[in-house]
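Quick notes on the structure that follows.
A, B, ... follow the sequence lines: proteins, then strands. Residue 1 opens every chain.
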Amino acid sequence: MNTFEKIYSIVSMIPPGKVATYGQVAFMVGNPRLSRVVGYALHRNPSPETIPCFRVVNRFGECSGSFAFGGEDAQRVLLEEDGVSFIGNRVDMKKCQWTGEMI
DNA sequence: CGAGTGACAGGAC
DNA sequence: TGTCCTGCCACTC
């Protein structure tokens, strides 16, 4: 089980209606400082079908900008479809941040 | 194998 | 959650 495998496994474990931060995923992987690698792993995203990368956001609860999914708005729509609440342009981390203990 | 790079986090101001 | 600076890990050339 490589670091990337762990990252993909954890990301695919995120339940609908919840989001996780890169730091959160990195922490669950075992190294809180793997946040950059988490972003890199999702950037590679070998299996977009099984890896809901749109459920992974930065600590602010938003995406870095327009990239995959087809745009930043696309991610917002996808999360809203999942039941994630939004506050302005960010995710309601208070209610939708995945702790990893809910699954 | 060294240097550069990246979808970040955390602390300080 | 504003901005600036630093650290860290894995991957590519």
Side-chain angles (χ1 to χ4, degrees):
Chain A
M1 186 73 91
N2 294 333
T3 304
F4 265 48
E5 296 299 322
K6 291 181 182 178
I7 294 173
Y8 296 140
S9 181
I10 292 171
V11 174
S12 62
M13 234 190 298
I14 302 175
K18 293 292 177 180
V19 296
T21 65
Y22 293 96
Q24 202 76 57
V25 176
F27 184 80
M28 284 189 263
V29 168
N31 290 320
R33 294 178 283 285
L34 283 178
S35 53
R36 307 192 73 143
V37 182
V38 174
Y40 204 84
L42 294 180
H43 174 66
R44 301 292 295 172
N45 199 357
S47 303
E49 300 295 329
T50 57
I51 303 174
C53 46
F54 60 89
R55 287 180 191 156
V56 183
V57 295
N58 57 16
R59 56 182 171 174
F60 301 124
E62 64 176 356
C63 181
S64 296
S66 43
F67 47 91
F69 324 120
E72 48 185 313
D73 292 336
Q75 183 182 19
R76 175 174 175 174
V77 174
L78 289 171
L79 291 176
E80 287 181 331
E81 291 295 319
D82 267 359
V84 176
S85 301
F86 269 78
I87 298 178
N89 196 18
R90 302 181 199 55
V91 178
D92 187 354
M93 302 300 286
K94 185 190 302 179
K95 296 179 182 177
C96 301
Q97 185 172 25
W98 183 47
T99 58
E101 300 177 359
M102 300 184 69
I103 191 144

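- Taking the six-membered ring where tryptophan is involved, the planes of A/Tyr8 and A/Phe4 are perpendicular, since the angle between them exceeds 60° and thus also 30°.
- Taking only distance into account, the side chain of A/Arg33 never meets the base of C/dG7 through a donor-acceptor pair shorter than 3.5 Å.
- Phosphate proximity of C/dT12 to A/Arg44: present, with a side-chain N or O under 4.0 Å from OP1 or OP2.
- Spacing between C/dC8 and B/dC1 at atom P, rounded to whole Å, works out to 22 Å.
- One can place OH of A/Tyr8 at 14 Å from P of B/dA7, the figure rounded to the nearest angstrom.
- Between the SG atom of A/Cys53 and the CD1 atom of A/Ile14 there is a distance of 9.5 Å, given to the nearest 0.5 Å.
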Passes side-chain contact (heavy atoms from CB on, under 4.5 Å), A/Lys94 versus A/Ile87? Steps please. CA-CA 10 Å; A/Lys94 185 190 302 179; A/Ile87 298 178; over 6 Å; no
Output the pairing pattern of DNA chain C as a dot-bracket string, 5' first, Watson-Crick or G-U wobble with both distances under 3.5 Å, | for cross-strand pairs, [ ] for crossing pairs. .||||||.|||||
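- Between the CE atom of A/Met1 and the P atom of C/dA10 there is a distance of 15 Å, rounded to whole Å.
- When distances run from any side-chain atom of A/Tyr40 to the nucleotides C/dT12, B/dG10, C/dG7, the shortest one goes to C/dT12.
- Taking only side-chain atoms of A/Phe60, from C-beta outward, the nucleotide of C/dT1, B/dA7, B/dG6 with the closest atom is C/dT1.
- Remark: of the listed residues A/Val84, A/Val25, A/Asp82, A/Leu78, A/Asp82 is the sole one forming a side-chain contact (heavy atoms from CB on, under 4.5 Å) with A/Arg55.
- Counting any heavy atom pair closer than 4.0 Å across all strands shown, A/Leu42 reaches a base atom.
- The two atoms that bring A/Asn58 and A/Met93 nearest to each other are O-CE, 4.5 Å, heavy atoms only.
- Atom pair A/Glu62:CD and B/dA9:C1' shows a separation of 14 Å (rounding to whole Å applied).
- Atom P of nucleotide B/dA7 and atom CG of A/Leu34 are separated by 17 Å, given to the nearest angstrom.
- Distances were taken from every side-chain heavy atom of A/Asn58 (C-beta onward) to each of C/dC9, B/dA9, B/dA7; the shortest belongs to B/dA9.
- A single hydrophobic cluster is seen to contain both A/Met13 and A/Val29, as judged by linkage of ILVMFWY side chains at heavy-atom distances under 4.5 Å, directly or through other members.
- In this structure, A/Asn31 places its CG atom 15 Å from P of B/dA9, rounding to the nearest Å.
- In terms of heavy-atom proximity, A/Cys96 sits nearest to A/Val91 at CB-CG1, 4.0 Å.
- Following rounding to the nearest Å, A/Arg36 (CZ) and C/dT12 (C1') show an atom-to-atom distance of 15 Å.
- The separation between A/Met28 atom CE and B/dC8 atom C1' is 15 Å, rounded to whole Å.
- Taking the side chain of A/Phe4 as heavy atoms from C-beta on, and the options C/dC11, B/dG6, B/dA9, the nearest nucleotide is C/dC11.
- For A/Val37, taking side-chain heavy atoms from C-beta onward, the closest of the listed nucleotides B/dA7, C/dC9, B/dA9 is C/dC9.
- When the side-chain nitrogen and oxygen atoms of A/Arg90 are compared with OP1 and OP2 of C/dG2, one or more of them lie within a distance under 4.0 Å.
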side-chain contact (heavy atoms from CB on, under 4.5 Å) between A/Glu80 and A/Phe86: does it pass, once the steps are laid out? CA-CA 8 Å; A/Glu80 287 181 331; A/Phe86 269 78; 3.7 Å; yes
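- Counting to the nearest Å, the C1' atom of C/dA10 and the CD1 atom of A/Ile7 are 9 Å from each other.
- Nearer to the 5' terminus of DNA chain B, by closest-nucleotide assignment, is the contact made by A/Gly39 (compared with the other of A/Arg59 and A/Gly39).
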